[in-house]
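Below is one structure, written out as structure tokens, with a few remarks after it.
The chains referred to below are lettered A, B, ... by the order of the sequence lines, with proteins before strands, and numbering in each begins at 1.
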Amino acid sequence: MTLPQEIDLNGVRVYQGALDRYAQVSLLEDVRAILRAAPLVRHVTPSGKPMSVRMSAAGDFGWVTDRSGYRYQRHHPSGTPWPPIPASLLILWNKYSKSDRAPECCLVNWYAPDAKMGLHQDNDEADLAQPVLSISLGDDARFRVGGTERSDPTRSIWLSSGDIAVLGGAGRLAYHGVDKLRAGSSSLMPNGGRINLTLRVVT
DNA sequence: AAGTTGCA
DNA sequence: AAGC
């Protein structure tokens, strides 16, 4: 990666090379601290299918799913409150989100090398005028982005460690997902895999 | 192989 | 169904 570059996919803005190696290492340490307080969980969808992506969160709310459905809640499934969102992430939110509100949730999504996430919309938040900011760490991931209807055509882009994507404006309700990882493509995590951090305003 | 659609 |  040379200079940071901005790409638009159906209203989703992707800033390639936004974070240098030092910032990535530092964020990874922050994530490790979150996961010590709030361990990764394998959620099931409302139909009872386990997701391949393991999840945790920081902030006032975390997103969870089980047979009762999708929702934000104030506690880890173990019953403990989520740890605070690290200051490093609040700074990135201020730099990239163009929002006048503070994020209330930082989802931590862990992708093992064979994990994926199907095409979906983020629409469990109360104020859809507020953007969602996504940070990639670790292995490259093929990120697929469609339109606001499931049947809309999709395009894909490979996200690398240190890339930032913003789902805002026209892209806020774009269908999106992760098809596959390029296992072992990043030296950030020696054992492979990917971490995606998403900052959101929930209420 | 990749991109859509249908499912309950 | 954020899965198959």
Heavy atoms from C-beta onward define the side chain here; which of [options] lies closest to that of [X]?
| X | options | answer |
| --- | --- | --- |
| A:Arg150 | B:dC7, C:dA2, B:dT4 | B:dC7 |
| A:Thr154 | C:dA2, B:dT4, C:dG3 | B:dT4 |
| A:Ser151 | B:dT5, C:dG3, C:dA2 | B:dT5 |

Between [atom2] on [N] and [atom1] on [X], what's the gap in Å once rounded to a whole number?
| X | N | atom1 | atom2 | answer |
| --- | --- | --- | --- | --- |
| A:Met117 | C:dA2 | CE | C1' | 5 Å |
| A:Lys180 | B:dA2 | NZ | P | 6 Å |
| A:Leu119 | C:dA2 | CG | C1' | 10 Å |
| A:Lys116 | C:dA1 | NZ | P | 17 Å |
| A:Leu40 | C:dA2 | CG | P | 21 Å |
| A:Arg54 | C:dG3 | CZ | P | 13 Å |
| A:Met51 | C:dG3 | CE | C1' | 9 Å |
| A:Glu125 | C:dA2 | CD | P | 13 Å |

Under a 3.5 Å limit on both distances, the Watson-Crick or wobble mate of B:dA2 is none
Mate of C:dA2 across any strand shown (Watson-Crick or G-U wobble, both atom pairs under 3.5 Å) is none
Q. Donor-acceptor pair, A:Asp139 side chain versus A:Arg194 backbone, under 3.5 Å?
A. no
Next on the checklist: Once you apply a heavy-atom cut-off of 4.0 Å, does A:Asn123 come out as touching a base, just sugar-phosphate, or nothing?
Outcome noted: nothing
Over all strands shown, is A:Arg142 touching base, sugar-phosphate only, or nothing at heavy-atom distances under 4.0 angstrom?
sugar-phosphate
Do you reckon A:Leu40 sits in the same ILVMFWY cluster as A:Met117, going by side-chain contacts under 4.5 Å, direct or chained?
-> no
State whether A:Ser52 places a side-chain N or O below 4.0 Å from either non-bridging phosphate oxygen (OP1 or OP2) of C:dG3. no
Checking A:Leu159, A:Leu89, A:Thr198, A:Asn196 against A:Ile135 for side-chain contact (heavy atoms from CB on, under 4.5 Å), the one that qualifies is A:Leu89
Under 30°, 30 to 60°, or over 60°: which ring-plane class applies to A:Tyr70 and A:Trp63, parallel, tilted or perpendicular? tilted
Checklist entry - Under the 3.5 Å rule, do the base of C:dA1 and the side chain of A:Ser47 count as making a donor-acceptor pair? => result yes
**Q.** Donor + acceptor pair across side chains of A:Asp122, A:His176 (<3.5 Å)
**A.** yes
Compare the ring of A:Tyr70 with the six-membered ring in the base of C:dA1 and state whether they stack (centres under 5.5 Å, planes under 30°). no
